[in-house]
S.K.: 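Below is one structure. I have some questions about it.
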Amino acid sequence: GLRGVAAGAVVAFHLWNFSGQHALAVLGYPLQSLAACGYLGVDLFFVLSAFLLAQPFLAAAAGWRSSPALPTYFARRALRVLPAYWTQVALLFVIGVAMTGAAPFGLRTALLHLAFLQGLADRPGNISEVYWSLPVEWWFYFWLPPVAWLFGRARWWWIVILSVALGVGFRALCWHWYAEAQWFRYGNILLLRARIDEFALGILAASAHLRLAHDSRWRPRLAAAGALGILALAPWLARRGDIFATADFPWLLVHYDVVGALLAMVVLGAAGSGRACRALLANRALFALGTVSYSLYLWHFPVLKWTDQLGLWRAAPAPLAAGFATVTILAAASLSYR
């Protein structure tokens with residue numbers, strides 16, 4: 001269900017931008033701010049990945065189970081990520097050639113993206129605007145086993161403090177280089193080195209999950225507090241705009257920590273047996289959305305871009321265009337998943 005929320009938030013963010021960024025308030029709350037902050041769905045994906053994948057390593061470190069076999073772990077991660085991704089890159093190339101008669105991207109761009117190295121290269125080219133997050137997730141898979149091992153054998157707060165210090169420190173360097181030299185590619189602030197602390201908070205939530213009773217009364221309280229924190233933060237964040245493109249100092253230094261902590265509270269709380277969380281997140285609609293969430297993430301932006309190129313958003317009313325685009329996105333995601 002939370003994966004469905006994460007994917008739905010990202011799709012809503014891009015739908016809102018393509019449809020003209022309309023305003024809508026309910027009981028005085030600006031609902032458009034939730035759409036404007038839909039990019040936080042990517043942060044939820046990262047926290048949730050850390051929460052789920054760290055648990056076997058943490059349990060092994062505590063002596064509750066055998067250590068996960070690393071070849072199996074990496075093979076499963078590769079099978080989860082690569083087939084749908086590589087297939088999409090190939091399809092986007094073929095479709096681009098068929099539509100325009102020319103290659104939409106070159107061999108260097110394709111190889112950098114297929115190897116998840118586009119974030120480190122100079123002028124890597126572009127295939128899809130959502131691909132920036134895939135290297136973050138991919139390289140986290142390699143970072144996780146040793147850090148989870150440390151979580152199980154050292155004082156957890158030292159690891160969290162160190163992770164926050166590394167994340168904040170790198171973001172400070174990004175801001176300094178951007179502000180002073182203007183040559184540093186500011187996109188680095190989106191990559192793993194700049195958001196290690198966000199993943200560490202997900203691992204911390206996993207550690208607490210293994211020790212906290214499933215039916216603890218603290219779980220629904222944590223979920224509610226985290227969700228209310230996001231709801232309260234969204235209007236303020238929406239007014240600030242793109243904090244990374246504008247180098248919004250000093251907020252950008254702590255953005256991932258604040259958002260990551262709130263989302264970690266939601267994940268830890270939702271992983272319990274609270275009735276409210278189950279009613280909101282374990283329903284059929286969100287379960288179905290969460291099942292195809294990865295394919296939904298991959299395909300929604302190309303579909304929106306194609307509908308824009310076809311003139312749909314200018315020819316039809318925004319609700320009708322958004323409805324057609326949503327149905328097409330869901331169909332493409334379901335086909336990709338299958």
Side-chain angles (χ1 to χ4, degrees), residues 2-3 6 40 42-70 73-74 76-77 136-172 189 191-230 233 252-274 277:
L2 280 177
R3 283 173 56 192
L40 295 181
V42 179
D43 300 271
L44 178 53
F45 271 129
F46 292 156
V47 172
L48 191 56
S49 287
F51 177 81
L52 293 170
L53 295 176
Q55 289 181 44
F57 294 98
L58 295 173
W64 300 335
R65 56 157 288 171
S66 59
S67 296
L70 290 183
Y73 163 75
F74 287 117
R76 287 177 174 172
R77 292 298 88 213
V136 181
E137 180 80 9
W138 178 256
W139 296 116
F140 164 70
Y141 297 153
F142 296 86
W143 180 77
L144 170 63
V147 173
W149 183 87
L150 285 174
F151 254 94
R153 287 168 171 79
R155 304 284 186 181
W156 63 265
W157 57 82
W158 283 113
I159 301 173
V160 173
I161 290 172
L162 178 60
S163 299
V164 169
L166 289 173
V168 171
F170 188 78
R171 293 193 290 273
I189 206 169
L191 301 181
L192 180 60
R193 288 172 293 175
R195 57 201 315 158
I196 283 177
D197 37 0
E198 195 168 49
F199 284 101
L201 290 166
I203 299 175
L204 178 61
S207 179
H209 171 68
L210 293 174
R211 291 168 170 79
L212 190 63
H214 202 63
D215 59 352
S216 170
R217 58 190 175 89
W218 285 103
R219 286 189 184 265
R221 296 177 182 179
L222 284 170
L228 289 173
I230 293 294
L233 189 64
L252 61 87
L253 298 182
V254 297
H255 172 82
Y256 290 136
D257 300 304
V258 174
V259 169
L262 292 172
L263 293 175
M265 291 165 62
V266 171
V267 172
L268 177 58
S273 57
C277 286

S.K.: Just to verify, what does F51 make a ring-ring contact (aromatic ring centres under 6.0 Å, His included) with, not counting sequence neighbours?
M.R.: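 Residues passing ring-ring contact (aromatic ring centres under 6.0 Å, His included) with F51: H209.
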S.K.: Could you tell me the separation between the CG atom of D197 and the CD1 atom of I161, rounded to the nearest 0.5 Å?
M.R.: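 Result: 12.5 Å between the selected atoms.
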S.K.: With a sphere of 6.0 Å drawn around CZ of R76, does it hold more than 12 non-hydrogen atoms of other residues, nucleotides or ligands?
M.R.: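 Atom CZ in R76 is not crowded, with 12 or fewer foreign heavy atoms closer than 6.0 Å.
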S.K.: Would you compute the distance between atom CG of L263 and atom CG of L40 and round it to the nearest 0.5 angstrom?
M.R.: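 If I round to the nearest 0.5 Å, the distance is 6.5 Å.
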S.K.: If you compare all heavy atoms of C277 against all heavy atoms of A223, which two are closest, and at what distance to 0.1 Å?
M.R.: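 Scanning both residues, the minimum pair turns out to be SG-CB, 3.8 Å.
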S.K.: What's the shortest heavy-atom distance between F151 and A200, and which atoms?
M.R.: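 Scanning both residues, the minimum pair turns out to be CZ-O, 3.9 Å.
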S.K.: Looking at every heavy atom in both V258 and L233, which two are closest together, and how far apart are they?
M.R.: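 Looking at all heavy atoms of both residues, the closest pair is CG1-CD2, 4.3 Å.
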S.K.: Can you tell me how far CD of E198 sits from CZ of F140, rounded to the nearest 0.5 angstrom?
M.R.: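 If I round to the nearest 0.5 Å, the distance is 10.5 Å.
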S.K.: Calculate, to the nearest 0.5 Å, the distance between atoms CD1 and CZ belonging to I196 and F170 respectively.
M.R.: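 The CZ atom of F170 is 9.0 Å from CD1 of I196, to the nearest 0.5 Å.
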S.K.: Would you mind telling me which of W64, Y73, W149 makes a ring-ring contact (aromatic ring centres under 6.0 Å, His included) with F57?
M.R.: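 Passing option: Y73.
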S.K.: Below 30° counts as parallel, above 60° as perpendicular, anything between as tilted: where do the rings of Y141 and W138 land?
M.R.: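 The arrangement is perpendicular - the two ring planes meet at more than 60°.
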S.K.: Check whether any side-chain heavy atom of L166 sits under 4.5 Å from a side-chain heavy atom of L162, and report yes or no.
M.R.: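 In contact.
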S.K.: Quick one: side-chain contact (heavy atoms from CB on, under 4.5 Å) partners of S216, sequence neighbours excluded?
M.R.: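 Applying side-chain contact (heavy atoms from CB on, under 4.5 Å) to S216 gives L212, A213, W218, R219.
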S.K.: Can you see which heavy atom on G260 is nearest to which on L201, and at what distance?
M.R.: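 Taking G260 first and L201 second, the nearest heavy atoms are C-CD1, 3.7 Å.
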S.K.: Measuring from L58:CG to S207:OG, what's the distance to the nearest 0.5 Å?
M.R.: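 Spacing of CG (L58) from OG (S207) equals 5.5 Å.
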S.K.: A206 and Q55: which non-hydrogen atoms are nearest, and at how many Å?
M.R.: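 Closest pair (atom of A206, atom of Q55, distance): CB-CG, 3.8 Å.
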S.K.: Using atom types as modelled and distance alone, determine if a side-chain donor or acceptor of R171 lies under 3.5 Å from a backbone N or O of L252.
M.R.: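 Present.
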S.K.: Testing the basics here: between L262 and G229, what is the closest heavy-atom pair and its distance to 0.1 Å?
M.R.: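 In this case the closest contact between L262 and G229 is CD1-C, 3.7 Å.
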S.K.: With side chain to side chain contact (heavy atoms under 4.5 Å, CB included) as the criterion, how do L144 and I203 come out once you've worked through the C-alpha distance, each side chain's angles and the decisive distance to 0.1 Å?
M.R.: CA-CA 9 Å; L144 170 63; I203 299 175; 3.7 Å; yes
S.K.: Does a side-chain heavy-atom distance below 4.5 Å link V136 with F199?
M.R.: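 Of all side-chain heavy-atom pairs linking F199 with V136, at least one is under 4.5 Å.
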